[in-house]
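The block underneath contains the structure these notes are about, expressed in structure tokens.
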Protein chains: 2
Amino acid sequence: MAKKPFTTASTTDEQAFLAGYDASQFPHPSLTVDVALVTADGGKLKAVLVQREQHPARGKWALPGTFVGIRESLDEAAQRALQTKVGISRIFLEQLYTFGQPDRDPRTRVVSVAYYALVDPGKLTKGFAADQRTQLIELSAKGTGKGQAAGPVHGLDEQGKRLPLAFDHGDILGMVVERLRGKLDYAPIGFELLPKKFTLRQLQDIHETILGRKLNKDSFRRRLIASGRIAATGEHEQAVGHRPAELYRFKGTQQRH
Amino acid sequence: MAKKPFTTASTTDEQAFLAGYDASQFPHPSLTVDVALVTADGGKLKAVLVQREQHPARGKWALPGTFVGIRESLDEAAQRALQTKVGISRIFLEQLYTFGQPDRDPRTRVVSVAYYALVDPGKLTKGFAADQRTQLIELSAKGTGKGQAAGPVHGLDEQGKRLPLAFDHGDILGMVVERLRGKLDYAPIGFELLPKKFTLRQLQDIHETILGRKLNKDSFRRRLIASGRIAATGEHEQAVGHRPAELYRFKGTQQRH
DNA sequence: ATAATAGTGTCTCTCAGACACTATACC
DNA sequence: GGTATAGTGTCTGAGAGACACTATTAT
């Protein structure tokens, strides 16, 4: 086969594809989206997870997800999953990676397109008491900074005890942390985790939480101001017990250089 | 719905999912992989494309692809597509992004997991005369360097005339170029496009081809040698009409810092 | 010897990190 | 005034770009 790349077999396969193939003819993988809704609060990286009530992986924590409808795009399916399972919409949402190991779900073949979403924790705190199965769970992320792998990740309860994740969702969250660390410096990641107006200290806290290490204050300030991505508002924070910092806002995505 | 996130509807949906859902019950998207097999030759970025013989998009050029089998992983499907359609295997292969717009294929709903593969053009030249429909086509990539978007991309024939791409494959190749530019500095991209032993000049040519701009010779040499990712072999190129350069080899992926 | 590219030494500029200092709020 | 954090000015070291120079091969 290596010597004759274009065999009859490959040609008929191609023709079957080109002829307009009937999707119901042989078994296909099922297709879902799973969304890691991530936020940073109190120096901790957290995600909204749903505790499973049924086997398999009963009692373990899973990402909110849904099947992909026959007429909706993947982005739309991810938005619908967030709206339906967490009751939130109009937030930053981006495709991460597609997970398709044949044994990742023991019931049947399920390929899952994973997304991550970012949200200001202030937008999330209301309404979470409604369902005890859905909670904001702290993530354990190994390593620090851009170079190192973060996962797999697991959940942590209030006492720092391990909460197991369902299926390969620990791997998914590990890749989310890695991706956030990698894109932090050149994509509007940090701003999505803060209110519209924020101080440079708050933004630095977000960066430190994602990277898992401390950053230099002076260098961080200079770099962010020089980036042209934020603008001073002239307003200042209030009642903080010390000199109030100026509030900045994100100017929106724009090209540099 | 925004006020009450956890409605009865979402709960029953969850239960249906948890109960172990029958995949054949309602229509699913079909799932394929498409692979951009990319190489750099003569200062041009090229990809292996297949000219379509049938409608839709008849005569246009498409990425080699295949349906995802029910028992194979996505990576395995991508490898199989390369083996079956191009007759090549054991090369660098990495998942890119999953394309799922409902109208991307006019026949039926097809979600495609796109991959990119990198290969030394020396490994590819043999055997391409066998099928005229499968050719190595130059890519038009806009912009330069990391910051700028590259796509959508189209093909170019020997005379520089535009060759239209099928479906959304121009968008896929645009994202491939973007990804290569972004990962070039910290992932073993360049080495995969060269023989095992190469000169620094060859490696710099590869980088310049991918980025679409010239690089500083001195700085490039220092940076690559200091990176610790390559090792001098002591051998030199031969019969080049000028001072022969030393041959280097890639030391393999390893962590720094 | 000449042409052409490989490879080295050094200067400068930019930027991150570090440190010291001043500024301004609440108590 | 005391305390805590905001914000500024300046020095230093690392690394990229630029340039000049030397080295080595084929013709």
Side-chain angles (χ1 to χ4, degrees), chain A residues 42-43 144-147 181-186 190 194-195 197-249 256-257, chain B residues 42-43 144-147 181-182 184-186 190 194-195 197-249 255-257:
Chain A
T144 58
K146 191 173 181 178
R181 285 177 179 171
K183 294 192 77 167
L184 190 58
D185 280 340
Y186 66 93
L194 288 172
K197 294 174 183 176
F198 52 85
T199 68
L200 289 175
R201 179 73 240 172
Q202 287 178 298
L203 185 58
Q204 185 175 344
D205 283 340
I206 295 291
H207 281 234
E208 291 177 345
T209 300
I210 291 174
L211 294 175
R213 62 186 170 90
K214 290 291 174 190
L215 295 173
N216 180 276
K217 184 185 85 167
D218 317 68
S219 175
F220 183 81
R221 294 179 62 84
R222 255 179 306 170
R223 192 156 52 90
L224 264 290
I225 291 169
S227 76
R229 293 194 299 178
I230 58 174
T233 62
E235 301 169 58
H236 292 74
E237 56 182 348
Q238 290 180 350
V240 283
H242 54 77
R243 174 173 172 178
E246 183 163 13
L247 295 171
Y248 286 77
R249 62 178 177 80
R256 292 199 299 134
H257 292 287
Chain B
T144 58
K146 192 173 180 177
R181 287 176 178 170
L184 190 57
D185 280 340
Y186 66 93
L194 287 170
K197 295 174 182 177
F198 52 86
T199 68
L200 289 174
R201 178 73 241 171
Q202 287 178 299
L203 185 58
Q204 185 175 345
D205 282 341
I206 295 291
H207 280 234
E208 291 177 347
T209 299
I210 291 174
L211 294 175
R213 63 186 169 90
K214 290 291 174 191
L215 295 173
N216 181 278
K217 183 185 86 167
D218 316 67
S219 175
F220 183 81
R221 293 180 63 86
R222 255 179 304 170
R223 192 155 52 88
L224 265 291
I225 291 169
S227 76
R229 293 194 296 178
I230 60 175
T233 63
E235 302 169 57
H236 292 74
E237 55 181 350
Q238 290 180 350
V240 285
H242 54 77
R243 174 174 172 181
E246 184 162 13
L247 294 172
Y248 286 77
R249 64 177 176 80
Q255 298 293 343
R256 291 199 296 137
H257 294 284

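Chain naming here is simple, since letters A, B, ... match the order of the sequence lines and numbering starts at 1 in each.
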Point to revise | Phosphate-side-chain proximity, A:N216 and C:dA18, N/O vs OP1/OP2 below 4.0 Å | key: yes
Check your understanding: Under 3.5 Å, is there a donor-acceptor pair between the side chain of A:R181 and the main chain of A:I210?
Key -> yes
Review point. Does the base of D:dA4 carry an N or O that pairs as donor and acceptor with the side chain of A:R243 under 3.5 Å?
Key: no
Point to revise | Whole-Å gap separating P (C:dG17) and CD (A:E208) | key: 12 Å
Practice item. Find the distance between CG (B:L211) and CD (B:Q204) and round it off to the nearest 0.5 Å. Key: 10.5 Å
Check your understanding: When the nearest nucleotide of DNA chain D is assigned to A:R222 and to A:P244 on a heavy-atom basis, which residue is associated with the more 5' position?
Key -> A:P244
**Study point:** Check: D:dG17 base within 3.5 Å donor-acceptor of B:R223 side chain
**Key:** no
Study note, to complete from the structure: Distance col, row B:L194:CG vs B:I206:CD1, nearest 0.5 angstrom, shows 4.5 Å
Exercise for review: May I have the distance from B:Q202 (atom CD) to C:dT5 (atom P), rounded to whole angstrom?
Suggested key: 14 Å
**Study point:** Interatomic distance where CG belongs to A:L215 and P belongs to C:dA18 [whole Å]
**Key:** 11 Å
Revision key, fill the gap. Assign each of A:G241 and A:T199 the nucleotide of DNA chain D bearing its closest heavy atom; nearer the 5' end lies the nucleotide of A:G241
Point to revise | Salt bridge present between A:E208 and A:K217 (N-O < 4.0 angstrom) | key: no
Practice item. Determine the contact category for A:E246: base if any of its heavy atoms lies under 4.0 Å from a base atom, sugar-phosphate if only primed atoms, P, OP1 or OP2 are that close, otherwise nothing. Key: sugar-phosphate
**Study point:** Protein-nucleotide distance (B:H236, atom NE2; C:dA4, atom P), rounded to Å
**Key:** 21 Å
Practice item. Would you mind telling me which residue lines up with the more 5' stretch of DNA chain C, A:H242 or A:K217, judged by nearest nucleotide? Key: A:K217
Check your understanding: In whole Å, what is the span from the CG atom of B:D185 to the C1' atom of D:dG15?
Key -> 14 Å
**Study point:** Euclidean distance, atom CD1 of residue A:I225 to atom C1' of C:dC15 [Å, nearest integer]
**Key:** 15 Å
Review point. Between the base of D:dG7 and the side chain of A:R201, is there a donor-acceptor distance below 3.5 Å?
Key: no
Practice item. Give a yes/no answer on whether the side chain of B:R221 brings an N or O atom under 4.0 Å of OP1 or OP2 in C:dG7. Key: yes
Review point. Given atom CG of A:D218 and atom P of D:dG7, what is their separation to the nearest angstrom?
Key: 12 Å
Review point. Do the side chain of B:E246 and the main chain of B:H236 share a donor and acceptor less than 3.5 angstrom apart?
Key: no
Check your understanding: Once you round it to whole Å, what is the distance between P of D:dA16 and NE2 of B:H207?
Key -> 13 Å
